[in-house]
Chemist: 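Once you've had a glance at the structure underneath, I'll fire off some questions.
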Amino acid sequence: MIQFLLKGILRDKSRSLLPITVVSIGVALTVMLSAYMEGAFGDMIDQNARFETGHVKVMTQAYAENKEQLPNDLAILGVDELTESLRSDFPQMEWVNRIKFGGLIDVPDENGETKGQGPAAGIALDLFGANSREAQRLNIESSLVTGTMPTKKGEALIGHDFSEKLNVKIGDEVTFFGTTMNSSMTFQNFIVSGTIRFGAASMDRGALIVDISDAQHMLDMEDASGELLGFSKLNVYDDDQTQEMAAQFNAKHTKDDDEFSPIMLPLREQNNLGPMLDYSNMMSGIFIFIFVFAMSIVLWNTGLLGGLRRYQEFGIRLALGEAKGQIYRSLLMEAVLIGIIGSIVGTAIGLAVAYYLQVVGIDISGYMDNSTMLMPSVLRAKVTPGLFFIGFIPGLLAMVFGNMLSGIGIYKRETARLFKELEV
Amino acid sequence: MKYLMSFLLLASFGLLPAQNTDTYPDALTIIEKVDANLVSDSQITESEMVIHGRRNSRTVRSIGYTMGNEKSFSEYLAPAKEKGTKMLKLEDRLWIYSPDTDRSIQLSGHMLKQSVMGSDLSYEDMMEDRKLTEMYDAEVTGSETIDGRATWILELNAKVEDVAYDSRKMWVDQERFVPLKEELYAKSGQLLKRVTMTDVAKIDGRWFPKKMNYKDMLKSGEGTDFIVLSIQFNPDIPEHIFSKASLRM
Amino acid sequence: MNLAFQLAYKNLMGAGLRTWLNVGVLSFSFIIIIFYNGLIDGWNEQAKRDSIAWEYGYGQLLNSEYDPFDPFTILDGHGTLKEEQRKNLTPILIRQASVYPDGRMLSVALKGVDVNQSTLELPIQALKESTTAIPAMIGENMANAAKLKEGDEVLLRWRDKGGTFDAANITIVKVFDTDVPTVDNGQIWIPIQKLWDMTGLQNHATLFVANEQFQATNIPGWKFQSQEELLSDLTDIIAMKKVSGSIMYLLLLAIALLAIFDTQVLSVFRRQKEIGTYIALGMTRSQVVGLFTVEGSMYSLLAMVVGSIVGIPLFTYLAKTGIAFPAASQDIGIALADRIYPVFGIQLVLTTILLVVVAATIVSFLPAKKISKMNPVLALKGKLQ
C-alpha cells in the first residue's frame with residue numbers, strides 16, 4: 001500500500017512536488033527561525049559568556065570572591081595540569097586560560113624617555129594557538145581599527161583612542177609597567193601591531209591585548225592563570241549540562257578549608273545571569289511556539305488545498321466503486337508520506353542553515369557605523385536538540401490534519417454531483 | 001622600597017621642639033639624639049623587604065645609596081625577576097629602570113599619588129623629602145614601655161597643608177634614642193598606618209633598628225617587613241651614581 | 001481595476017476558511033514586525049531617557065583636564081565657575097577614595113552631588129534628610145560588590161586638596177536601583193557640600209550637568225559635550241538590535257508569504273475554467289493576471305484589517321503597561337530597564353504596511369504570471385496544462 005502510494009506521489013508531480021516543496025520550505029523556515037530565536041534571545045547572555053563568564057569559569061575561591069579587583073595574586077597555580085585534566089574529563093568543552101591585569105602603559109619619545117602614560121586594562125588570551133578561537137570569540141579581528149593581529153611574542157593591541165591621544169603608530173614600542181602575581185614590579189615592551197575599539201568608551205583607553213604566554217611571563221604567572229574558561233565546542237550554552245559539570249568538578253576539586261582550591265561556576269551563577277537566562281529561555285520558547293503555530297496553520301492550509309485539488313480524482317475513484325473510507329485512508333497515508341518526506345528534507349535544510357549561522361553567523365558589521373568588540377557584529381543562530389523534531393509539528397501533524405479536514409468532503413459527496421463533475 | 005627606608009629614617013632629621021614641659025625632656029633633644037643614631041650625610045644600605053601576601057611571602061633584596069634628603073639611587077639584587085631594576089629619585093622626580101625592557105619610566109604628577117605595586121604606599125609616600133620640622137610641630141606627651149624598653153611618646157601635628165599624614169606619634173627609646181614605633185594618622189584622627197621597629201643593634205657606635213614592619217591598619221594582612229642586612233654611614237658615594245646615566249649601567 | 005478589486009474580494013470571501021488562515025498568518029507577522037520594532041524603539045527611548053535622567057542631563061560641561069575614561073585625571077581635573085556661569089548647571093565633584101569593608105580595600109570614585117539639584121534623578125532626598133555625619137548612597141551593583149546595605153557604616157579614606165589623608169565612617173543611607181550602571185559601579189555619592197568641606201575644594205566641580213535651559217557657550221578651561229554626543233554609544237547598539245530583529249521578522253514574513261504563494265499556485269491550477277471564461281468574455285490575459293495578483297495582494301489588505309483589530313488594543317495595552325525584563329548585571333554601560341514600554345510610531349506602522357503589501361503582491365504575481373502563457377481554449381475546457 002505504502003509502496004503504491006509512494007509511487008503515486010513520485011510519479012504525479014502535481015501531487016508530490018508542490019506539497020513536498022512547500023512542506024520542506026515551511027519546515028526549513030521553522031527550524032531556521034527557531035534556531036535564530038534561540039540565538040537572538042541569548043545574545044546578551046552569549047556576550048557575557050564570551051567576554052566574562054565563559055559557559056563555565058574556573059577560578060580559585062579567593063579569586064572568585066574578589067574578582068572585580070583582578071586579584072592575580074590569587075590566581076590558579078598549576079593551571080596547565082588542571083586544564084589538561086579538564087580537557088580529558090570534559091572533552092565536549094574547549095578550555096582556555098585568560099588573565100586580566102591592570103597597570104600602566106608608558107609611551108617613550110625618541111630618546112626613550114617617558115612621553116606619555118595611561119592606565120592599562122589588560123586582557124591576555126590565547127592568540128597564537130593554531131586552533132584557538134579566542135580572537136574570534138572576542139570579536140577582536142573585526143574590531144581592529146588599524147594594523148593587524150599580534151602574530152608573535154611581544155606584540156600587542158592597544159586601544160585606538162589611547163593610541164591617537166599619544167600618537168602611537170603601528171610598529172611603535174610601548175612599555176607595560178605593572179605588578180606580577182607576587183606583587184613585584186614588572187616591565188615589558190610591546191610592539192603595537194594594531195589598535196582596537198571595544199565600543200565601551202571606558203575600555204577603549206587602556207585596552208592592552210596580548211597573548212597569554214607574554215602575560216604569564218611578565219606577570220610571573222608561568223603555569224598560572226587568573227581565569228580558566230570553558231566553552232562548549234558547539235558554541236551552545238547548555239544549562240543543565242554545565243551545572244552538572246560544575247557540581248562534578250567542585251565535588252572533586254573544591255575544598256572548604258583551602259581558599260586557593262579551584263571552584264567552577266556555571267554561567268548561570270555569575271553576573272546575576274540566572275534570571276536573564278530563564279527569561280530568554282522563556283521568551284524564545286514563546287516565540288518558537290508562536291512560529292510553530294503559524295507554520296502549522298500554513299501547512300494545514302497546504303494539506304487542505306492538497307485534498308481539495310483532488311476532488312475530481314476522488315470523484316472518479318468513488319465512481320469506480322472504491323469505498324469512501326479507503327479513499328480517505330489513502331489520502332491520509334499520502335499526507336503522512338508527504339509530511340515525512342517534506343519534514344525530513346526541510347529539517348535537513350533548516351539545520352544545515354542554522355548550523356552555518358551558528359558557526360559562521362551573519363556578519364552585519366556593514367550595517368553599523370563602527371564595528372566594536374562589545375557589539376556583536378555577527379548574528380548567530382543556536383542549534384538545540386529540539387530543532388531536530390520541531391519541524392515535524394507543522395510539517396507532519398499540520399499537514400495530515402489539513403488533509404483530514406479536506407478529506408471529510410469525500411464523505412459529503414453526493415453521487416449525482418459526482419457524475420456531473422465527471423462530465424468534464 | 002629603599003625610599004621608604006630613607007624616608008622613614010630621614011623623617012626624623014632636624015626636628016624642632018614645639019614647646020617644653022617640666023615633666024618631659026625637650027623634644028628637640030630627643031630628636032637630635034635619634035638623628036645621631038639614624039642619620040648620616042650619606043648611606044649605603046643593603047636590605048631585604050619581605051612582602052607577606054595572602055598566599056605566600058617573598059623577599060626582595062636591594063642595595064640603596066642616599067645622599068642628603070633629595071638624592072637616592074637603588075638597585076634590586078634578588079630575586080632574578082627584579083635583579084637589575086633600578087630607581088633614581090632626584091628631588092620630586094622618580095625614574096624606574098628595568099633591564100628587560102631597557103626603558104626608564106618616569107613617574108610624575110598624578111602617578112605619584114597612585115599606590116606602589118598595589119600596596120598601600122604611594123610613590124609620593126616614598127619620596128617625601130622635606131624635613132619633619134618643616135611639616136610638623138612636635139611635643140613630648142608621655143612615656144610608655146614597649147617590649148620592656150621605656151620610651152618617650154612624641155606627637156607631631158602638621159603645620160603645612162600638603163602633607164600626607166595630618167599627625168604622627170613616635171615612641172622613642174629613652175636610653176638608646178631609637179624609635180620603636182610610629183603611627184600615622186588621618187585628619188579625622190583615624191589611625192592609618194603603623195610602623196614597628198625591632199632588632200635594635202649597635203652598628204658603628206650607633207643604635208639602629210635592623211627590622212621594621214610597615215602595616216596598613218585599614219586592611220587585613222601582616223604588612224611588609226624591611227630588614228637591614230648591612231649599613232654604612234657616611235661613605236663616599238660618587239656623584240655620578242645619582243644621574244640618569246647610571247640607570248642604564 | 002475596480003472590477004478586479006470587487007471580484008478579488010468576492011473570491012476571497014467565498015473561499016472562507018482558507019482565506020482567513022492566510023490572512024491570520026500574514027496579520028500575525030504584521031503584528032510581530034510592529035511589536036518587535038516597537039519594543040526596540042521603546043528600549044531605545046527608555047535607555048536614552050534613563051541615561052539622560054540619571055547621568056547625562058542635557059549635556060555635560062567637563063573640566064578640560066578631566067577625561068572620564070582616565071582615572072588619573074580625576075586628581076587635577078576640576079575647577080570652579082563664576083556664579084553667573086553656573087546657572088542651569090549642577091556641579092559634580094569626583095574624588096578618588098577607598099573604602100574598607102571587612103578589611104578589604106576597594107577603590108571608589110567618590111562623587112559629590114548638589115542635594116538641591118533637580119536635573120538628575122538621583123535619590124538625593126535620602127542624603128538631604130539624613131542626620132548622619134557623612135550620608136552616602138550607592139547603587140545596587142556597588143552594594144553587591146562591596147557587600148554593603150542600607151544603614152551600614154563603612155570606613156572611607158580620601159585625600160584633601162593638599163594630599164593629606166583623611167578617613168571617617170560614612171553611613172549608607174540609601175541603596176538605589178538604577179538602570180544606568182555608569183552611575184552605580186564603583187561609586188559612592190555624597191552631598192557635594194560635604195565633599196567640599198572634606199576636601200577643602202569649596203565650589204570646585206569635575207563636571208557640570210546641564211539642564212534644559214542651559215545654553216552652551218565657550219568657557220575656557222571647560223569643554224561641553226552635548227546630549228547627542230554622550231548618547232552615541234547607545235545609538236550604535238540600538239542599530240545593531242534593529243538589524244538582528246529584521247532577520248527574525250523577515251523569516252516570519254517568509255512563512256506568511258509562502259502560504260499566499262501556495263494558495264495562488266493552487267488557485268491558478270484549479271480555476272482554469274474560470275480563467276478561460278474571463279478571457280472568453282473579452283478580458284486580456286494581463287487583465288486576468290492582474291485580477292489574480294490583486295486577489296493575492298488583497299490578503300495583505302485583509303491582514304491589515306485583522307492586524308488592526310487585534311493589534312491596536314494589544315499595542316495600546318503594551319505601550320501602557322510595558323513588558324517586564326529581568327535584571328542582569330551588564331558591565332558594558334547600557335541602560336536596560338526591568339520594564340520596557342514599547343513605542344509604536346506612525347512611521348513604523350506605515351513602513352510595515354508597505355513592506356507586507358509589496359511582498360504579498362510580488363508572491364501573488366509570480367504564480368499568476370503563468371496565466372499569460374495559457375491556451376484559453378484548453379483553459380476553458382478545464383484541461384490540465
Chemist: B:Pro79: what forms a side chain to side chain contact (heavy atoms under 4.5 Å, CB included) with it, not counting sequence neighbours?
Modeler: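 In terms of side chain to side chain contact (heavy atoms under 4.5 Å, CB included), with neighbours along the sequence ignored, B:Pro79 is linked to B:Arg58, B:Val60, B:Glu82.
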Chemist: Name the one of C:Asp197, C:Leu127, C:Ile190 that satisfies side chain to side chain contact (heavy atoms under 4.5 Å, CB included) with C:Ile134?
Modeler: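 It is C:Ile190; the other options fail the test.
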Chemist: Are any of the side-chain nitrogens in B:Glu183 or B:Arg194 under 4.0 Å away from the carboxylate oxygens of its partner?
Modeler: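 The answer is yes: the pair qualifies as a salt bridge.
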Chemist: Hey, can you pull the donor-acceptor pairs under 3.5 Å for the side chains in residues 106-114 of chain C, sequence neighbours left out?
Modeler:
| from | atom 1 | to | atom 2 | distance (Å) |
| --- | --- | --- | --- | --- |
| C:Lys111 | NZ | C:Gln187 | OE1 | 2.9 |
| C:Asp114 | OD1 | C:Asn116 | N | 3.0 |
| C:Asp114 | OD1 | C:Gln193 | NE2 | 3.2 |

Chemist: Residue by residue, scan residues 166-175 of chain C and write down, ordered by number, those that have a heavy-atom distance under 4.5 Å to chain B; if none do, write 'none'.
Modeler: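 If one takes a 4.5 Å heavy-atom cut-off, the residues of residues 166-175 of chain C near chain B are C:Asp166, C:Ala167, C:Ala168.
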Chemist: With the threshold set at 4.0 Å, does a side-chain nitrogen-carboxylate oxygen contact exist between C:Glu83 and C:Arg86?
Modeler: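 Yes, C:Glu83 and C:Arg86 are salt-bridged.
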Chemist: Who pairs with C:Trp54 by ring-ring contact (aromatic ring centres under 6.0 Å, His included), at least two apart in sequence or on another chain?
Modeler: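 Scan of C:Trp54 (ring-ring contact (aromatic ring centres under 6.0 Å, His included), adjacent residues dropped) gives C:Phe176.
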